[in-house]
Amino acid sequence: QALGKIALDFNALQADLMSISAHKIGGPNGSGALLTKPGVALAPLIHGGGQELRRRGGTENILGIAGFGAAASAVDLTAFGQLAVLRDSLQQRLEAMDVQGLKIWGAGTPRLANTLCFSAPGLKSDMAVMALDLEGVAVSAGAACSSGKVAGSKVLYGMGASEEEASSSLRVSLGHDTTQNDIDRFVRVWAKAYARATKRRAA
């Protein structure tokens, strides 16, 4: 997850194994790499050939490998860090709204520059995801991507979230092409969905 977002030193982490994915840095989906500490023995999952130092049989995905390499060469941690300006703009816009119980998760602590997770009791995550999707805005429920899942995040529970906070959380991720106009549009669309939900609850 940290690849392309913060400085990453496999040796300094003293890890035995680390898996990294190309799509996390704009490379081709389905390509990745497994970093291994010298001396760590790995049993092959696919037998039959001498590829990957006899750890995997079958022809390598040359296009995927080349695409991963190109994406890795283009990583710019400084440019990525500048996304914090937009993330903070989004946070400030949300905090300026009249949203009772709004909680910004991780505020005031070191966090990735492109991600904002917040809870707003009154609008359930599943309803917010659907409302935003209908407006062409893609977000995720909870603290991390999870296909089709809108249940409360164990990560948020671990951070002290209540059931209501966890079930109303949204995670907004920014990309290299995200603009202030995108932030403004998200706020407008989400505010409309929140107003509808709270109006129904009050009726």
Side-chain angles (χ1 to χ4, degrees), residues 1-8 13 19-21 23-25 77 80-203:
Q1 293 288 346
L3 182 67
K5 300 176 176 65
I6 60 175
L8 190 61
L13 290 171
S19 59
I20 52 178
S21 296
H23 75 272
K24 291 295 182 182
I25 55 173
L77 295 182
F80 182 86
Q82 293 171 353
L83 287 173
V85 174
L86 290 175
R87 182 205 61 205
D88 292 345
S89 171
L90 172 56
Q91 179 174 328
Q92 292 161 8
R93 293 282 302 277
L94 291 170
E95 291 174 333
M97 298 170 63
D98 183 21
V99 177
Q100 186 175 3
L102 176 75
K103 179 73 176 282
I104 306 293
W105 296 100
T109 62
R111 51 188 167 148
L112 292 181
N114 72 319
T115 306
L116 180 77
C117 182
F118 70 98
S119 296
L123 177 57
K124 296 287 188 182
S125 300
D126 55 350
M127 299 304 295
V129 168
M130 287 188 288
L132 290 164
D133 182 65
L134 290 172
E135 297 281 355
V137 178
V139 296
S140 176
C145 292
S146 184
S147 178
K149 181 180 179 183
V150 292
S153 163
K154 293 180 180 179
V155 173
L156 293 181
Y157 287 133
M159 295 173 71
S162 66
E163 180 70 34
E164 188 175 26
E165 288 173 330
S167 65
S168 66
S169 64
L170 283 182
R171 185 172 62 92
V172 183
S173 296
L174 314 180
H176 67 276
D177 56 351
T178 301
T179 66
Q180 185 62 49
N181 287 337
D182 296 323
I183 299 297
D184 296 341
R185 182 164 178 263
F186 170 84
V187 172
R188 288 195 305 270
V189 172
W190 182 84
K192 184 169 66 173
Y194 178 79
R196 283 199 305 265
T198 52
K199 184 177 180 179
R200 284 195 299 267
R201 291 183 65 179

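A pairwise comparison of heavy atoms in Lys124 and Ser167 identifies NZ-OG, 3.1 Å as the closest pair. Of all heavy-atom pairs between Ser169 and Leu156, the closest is OG-CD1, 3.2 Å. In terms of heavy-atom proximity, Asp177 sits nearest to Asp182 at O-OD2, 3.8 Å. Minimum heavy-atom separation, Ala197 to Leu123: CB-CD1, 3.7 Å. Looking at every heavy atom in both residues, Val172 comes nearest to Phe118 through CG2-CE2, 4.0 Å. The two residues Ser125 and Ala166 make their nearest non-hydrogen contact at OG-O, 4.1 Å.
Separating the CG atom in Leu170 from the OG atom in Ser140 is a distance of 8.5 Å, to the nearest 0.5 Å. For the atom pair CD1 of Ile6 and CD of Gln1, the computed distance is 10.5 Å after rounding to the nearest 0.5 Å. For the atom pair CG (Asn181) and CG (Leu86), the distance works out to 10.5 Å, reported to the nearest 0.5 Å. Atoms NZ and CG, from Lys5 and Leu83 in turn, are 10.0 Å apart once rounded to the nearest 0.5 Å.
Checked by atom type and distance alone, the side chain of Ser162 pairs as donor or acceptor with a backbone atom of Glu165 at under 3.5 Å.
Checked by atom type, the side-chain pair Ser119/Lys103 shows no donor-acceptor distance below 3.5 Å.
Side-chain contact check for Phe80 versus His176: every heavy-atom pair is 4.5 Å or farther apart. Within the 4.5 Å cutoff, the side chain of Arg111 has heavy atoms near those of the Leu116 side chain. In this structure, Met130 and Met127 have side chains that are in contact, with non-hydrogen atoms separated by less than 4.5 Å. Counting only heavy atoms from C-beta outward, the side chains of Leu8 and Leu13 approach each other to under 4.5 Å.
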Side-chain donor/acceptor pairs under 3.5 Å, residues 183-193, sequence neighbours excluded:
from, atom 1, to, atom 2, distance (Å)
Asp184, OD1, Arg93, NH1, 2.5
Asp184, OD1, Gln180, NE2, 3.1
Arg185, NH2, Glu135, O, 2.3
Lys192, NZ, Glu135, OE2, 3.0

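Screening residues 86-116 for ring-ring contact (aromatic ring centres under 6.0 Å, His included) gives no qualifying pairs among residues at least two apart or on separate chains.
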### Message
For a side-chain contact (heavy atoms from CB on, under 4.5 Å) check, start with the C-alpha distance between Ile104 and Glu95, then their side-chain angles and the critical distance, and finish with the verdict.
### Response
CA-CA 9 Å; Ile104 306 293; Glu95 291 174 333; 3.8 Å; yes

### Task
May I have the step-by-step check of side-chain contact (heavy atoms from CB on, under 4.5 Å) for Val129 and Val139, ending in yes or no?
CA-CA 6 Å; Val129 168; Val139 296; 4.2 Å; yes

